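Okay, so here's the structure we're looking at.
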Amino acid sequence: MDNSESTFKKKVLVAMSGGVDSSVAALMLKEAGYSITGVTMCLGIRQDEDRASCCGGDAIEDAKRVCGQLEVPHFVFDFAPLMEERVIRKFMEEYLEGRTPNPCIDCNRYLKFDALLSRARGMGFDYLATGHYARIEREDHHWRLLKPKDRNKDQTYFLYPIKKEDLPHILFPLGDMKKEDVRARAHSAGLHVAQKAESQDICFVPQGNYRRLFEERNLTSLPGDIVDLSGKILGRHTGIISYTIGQRGGLGISAKKPLYVLRFDAAKNRVIVGGKEDLFAAGLIAGDLNLLADEFPDEVEAKIRYRKKPAHCTVKKEDGKLRVTFQEAQESITPGQAVVFYAEDEVLGGGVIDESF
RNA sequence: UGGGGCGUCGUCAAGCGGUAAGACACAGGAUUUUGGUUCCUGCAUUCGGAGGUUCGAAUCCUCCCGCCCCAG
């Protein structure tokens, strides 16, 4: 991190979830001499015990306590209506259309790096900081979003929706740290969140069962047939929302080889299944783009899901969309999920997968 | 009711006298700031039922029950 005096007294709003990462992010900035203020977004989510949450109720208490230890102010912003509108509702609409949403990306896109960021700017803060593992670097007048030092925790896949013009106003203090360093740092600073578990599962879904959300809102997904590629009926599904492409479990069909969800036939309310070999596709079309780089090299790398090695591909622009062709066929390309482009460490941008081909 | 065949885990299926493989499904766990994938573990004291032969049977014999096929 830049430790020069130019950072002195710069005002930073730190988005704090109550977890180790954002707590240490705040700690690092404080020690670097920034004037920091913590903020936790209240997302209107019920808190279940034993659930590590990125945004729930006692998350606020944990964040407040850390801010107390750091002797910095802490605010809570009510983002519940926005969360409901832009993340949760979209999440359900996507599933009902046979797509697989990525709510964590939408949370970054609409809440953290849009609403929260502009609010921070409006309040006179120079920067918004989060505990994400990613780096932002300046090169002349060009700002780049980069993979973090800890490749194992690389979260850039979730960050591609950040607008290019916002990069100069965002700080990722953990970009050069390893996860174990972060925990050690939290421990030595006496932060009570040092041993807190990694967040997992969708924060607004109780007990990992997102189907309950649909029930609570009286949204139904009708049962239908499960068929193979030839159209032969193999079984019944409980509603299209319970499946995603590449899914193996939950089909309840006994066959010679394991069966995977290949795609959906929305018109017939069918789930089409086949062998693992049928899961591979040569490319995809992506829309809803956010490009961070002005130019794409001829050949780039793309990630079609979190925690997967980027794959070599070529990208062509086609009326507002990108046509991505992979060097090697990719498994389980899933509409609704993000595709994020890289050139070495740099995030070039990304989009939402419309279809595979 | 003349002849033939078959009944082993939820499903498919090895075993053919020596003390129940495997696959799929399912369950639990690990991994993970989405979903899924993947990995690990578990999963028939029992072989349609009842007797009998044998040191010992799912495997041999008898009867019964239930399916399937070919003849009428």
Side-chain angles (χ1 to χ4, degrees), chain A residues 15-22 25 41 43 45 51-56 59 87-88 90-92 94-109 111-112 130-134 148 150-161 172 174 179 182 196-205 208-211 213-214 226 228 234-236 240-264 271 273-280 303-309 330-340 350 352-353:
Chain A
M16 299 179 68
S17 65
V20 222
D21 292 334
S22 55
M41 299 187 292
L43 302 174
I45 292 156
R51 195 157 59 84
S53 169
C54 62
C55 40
V87 180
I88 300 178
K90 180 178 173 188
F91 173 82
M92 295 196 284
E94 287 276 279
Y95 260 124
L96 288 169
E97 286 172 25
R99 294 158 61 92
T100 306
N102 191 326
C104 291
I105 286 180
D106 286 328
C107 180
N108 286 338
R109 176 178 178 180
L111 303 202
K112 297 192 192 96
T130 72
H132 285 108
Y133 287 84
D150 190 342
R151 291 314 169 86
N152 195 41
K153 294 295 294 182
D154 181 3
Q155 292 173 325
T156 51
Y157 179 78
F158 295 98
L159 299 172
Y160 83 85
F172 295 132
L174 307 187
K179 181 73 190 197
V182 171
K196 218 171 163 185
E198 297 292 280
S199 67
Q200 58 186 63
D201 295 336
I202 303 171
C203 72
F204 56 86
V205 171
N209 181 8
Y210 67 84
R211 288 131 191 113
L213 287 180
F214 291 83
I226 297 175
D228 65 15
L234 300 180
R236 296 283 290 173
I240 215 168
I241 61 163
S242 294
Y243 307 87
T244 185
I245 292 175
Q247 179 173 332
R248 170 178 174 175
L251 295 170
I253 300 169
S254 169
K256 295 286 181 194
K257 292 285 180 184
L259 295 173
Y260 298 81
V261 174
L262 263 31
R263 54 179 176 270
F264 303 100
V271 171
V273 300
K276 195 173 190 64
E277 66 281 3
D278 300 316
L279 239 28
F280 290 84
K303 256 167 97 156
I304 55 167
R305 84 186 71 251
Y306 179 58
R307 198 149 261 284
K308 187 182 192 312
K309 269 197 315 237
Q330 297 295 297
E331 186 180 337
S332 304
I333 294 175
T334 309
Q337 292 289 295
V339 55
V340 179
V352 178
I353 298 170

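Note that the structure is predicted; figures quoted are calculated from it, not measured. Each chain gets a letter, A, B and so on, in the order its sequence line appears, and its residues count up from 1.
- Rounded to whole angstrom, the span from the CD1 atom of Ile304(A) across to the P atom of G35(B) amounts to 16 Å.
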Dump the intermediate steps for salt bridge (Lys or Arg N to Asp or Glu O under 4.0 Å) on Lys179(A) and Asp21(A), then the final yes or no.
CA-CA 8 Å; Lys179(A) 181 73 190 197; Asp21(A) 292 334; 3.0 Å; yes

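- A25(B) sits 15 Å from C12(B) when the P atoms are compared, rounded to a whole Å.
- Nucleotides U45(B) and G17(B) are separated by 24 Å at their P atoms, to the nearest Å.
- Along RNA chain B, the nucleotide closest to Tyr243(A) and the one closest to Lys276(A) are compared, and the more 5′ of them pairs with Tyr243(A).
- Across all strands shown, G56(B) forms no Watson-Crick or G-U wobble pair with both distances under 3.5 Å.
- The partner of A13(B), taking Watson-Crick or G-U wobble pairs whose two distances both stay under 3.5 Å, does not exist in any strand shown.
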Carefully, step by step, assess Tyr210(A) and Tyr95(A) under the rule ring-ring contact (aromatic ring centres under 6.0 Å, His included).
CA-CA 10 Å; Tyr210(A) 67 84; Tyr95(A) 260 124; 4.7 Å; yes

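- Among the nucleotides U34(B), U37(B), G35(B), the one closest to the side chain of Glu331(A) is U37(B).
- Atom C1' of nucleotide U38(B) and atom OH of Tyr306(A) are separated by 16 Å, given to the nearest angstrom.
- Checking side-chain atoms of Asp278(A) against main-chain N and O of Gly275(A) turns up a donor-acceptor pair under 3.5 Å.
- Taking atom OH on Tyr95(A) and atom P on G36(B), their separation rounds to 7 Å, with Å as the unit.
- Counting to the nearest Å, the P atom of G36(B) and the CZ atom of Phe264(A) are 12 Å from each other.
- Judged by atom type and distance alone, Gln247(A) does not reach the base of U37(B) through any side-chain donor-acceptor pair under 3.5 Å.
- Going from the C1' atom of A50(B) to that of G7(B) covers 16 Å, rounded to whole Å.
- The base-pairing partner of A25(B), taking Watson-Crick or G-U wobble contacts with both distances under 3.5 Å, does not exist among the strands shown.
- U34(B) atom P lies 19 Å from atom CZ of Arg109(A), rounded to whole Å.
- Taking the P atom of each, G2(B) and U54(B) are spaced 34 Å apart, rounded to whole Å.
- Checked against a 6.0 Å centroid threshold, the rings of Tyr133(A) and Phe172(A) do not count as neighbours.
- Phe158(A) places its CZ atom 12 Å from the P atom of U32(B), with the value rounded to the nearest Å.
- Each of U34(B), U37(B), U32(B) was ranked by its minimum atom distance to the side chain of Arg307(A); first place goes to U32(B).
- Of the P atoms belonging to A21(B) and C39(B), the separation is 22 Å, rounded to the nearest Å.
- Base pairing annotation: A44(B) forms no Watson-Crick or G-U wobble pair, as no partner gives both donor-acceptor distances under 3.5 Å.
- At whole-Å resolution of the value, NZ in Lys309(A) and C1' in U32(B) are 17 Å apart.
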Take Leu251(A) and Tyr243(A) through the side chain to side chain contact (heavy atoms under 4.5 Å, CB included) test and state the conclusion after the steps.
CA-CA 9 Å; Leu251(A) 295 170; Tyr243(A) 307 87; 3.9 Å; yes

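- In terms of modelled atom types and a separation under 3.5 Å, the side chain of Thr334(A) and the main chain of Ser332(A) share a donor-acceptor contact.
- Pairing for G66(B) is with C6(B), a Watson-Crick or G-U wobble pair whose two hydrogen-bonding atom distances lie under 3.5 Å.
- Within the structure, a side-chain polar atom (N or O) of Tyr260(A) is placed less than 4.0 Å from OP1 or OP2 of U38(B).
- Side-chain atoms of Arg109(A) never come within 3.5 Å of backbone atoms of Pro103(A) as a donor-acceptor pair (strictly under, hydrogens ignored).
- For G51(B) and G15(B), the P atoms lie 29 Å apart once the distance is rounded to whole Å.
- With Asn108(A) contributing its side chain and Phe158(A) its backbone, the two residues share a donor-acceptor pair below 3.5 Å.
- Counting only distance, with no hydrogens or angles, the side chain of Gln337(A) and the backbone of Thr100(A) share a donor-acceptor pair below 3.5 Å.
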Where protein sits on nucleotides 24-30 of chain B, one letter per nucleotide: B base, S sugar-phosphate only, - none, heavy atoms under 4.0 Å:
BSS----

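- In this structure, A20(B) makes no Watson-Crick or G-U wobble pair, since no nucleotide meets both defining distances under 3.5 angstrom.
- Across U41(B) and C47(B), the matching C1' atoms stand 26 Å from one another, rounded to whole Å.
- When the P atom of U32(B) is taken as reference, atom CD of Gln155(A) falls 12 Å away, rounded to whole Å.
- Within the nucleic acid shown, Phe91(A) has no heavy atom closer than 4.0 Å to any nucleic acid atom.
- Rounded to whole Å, the separation between the C1' atoms of A23(B) and C64(B) comes to 34 Å.
- Between Lys308(A) and the phosphate of G36(B), there is no side-chain N or O to OP1/OP2 separation shorter than 4.0 Å.
- The residue Ser332(A) sits apart from the nucleic acid: no heavy atom pair falls under 4.0 Å.
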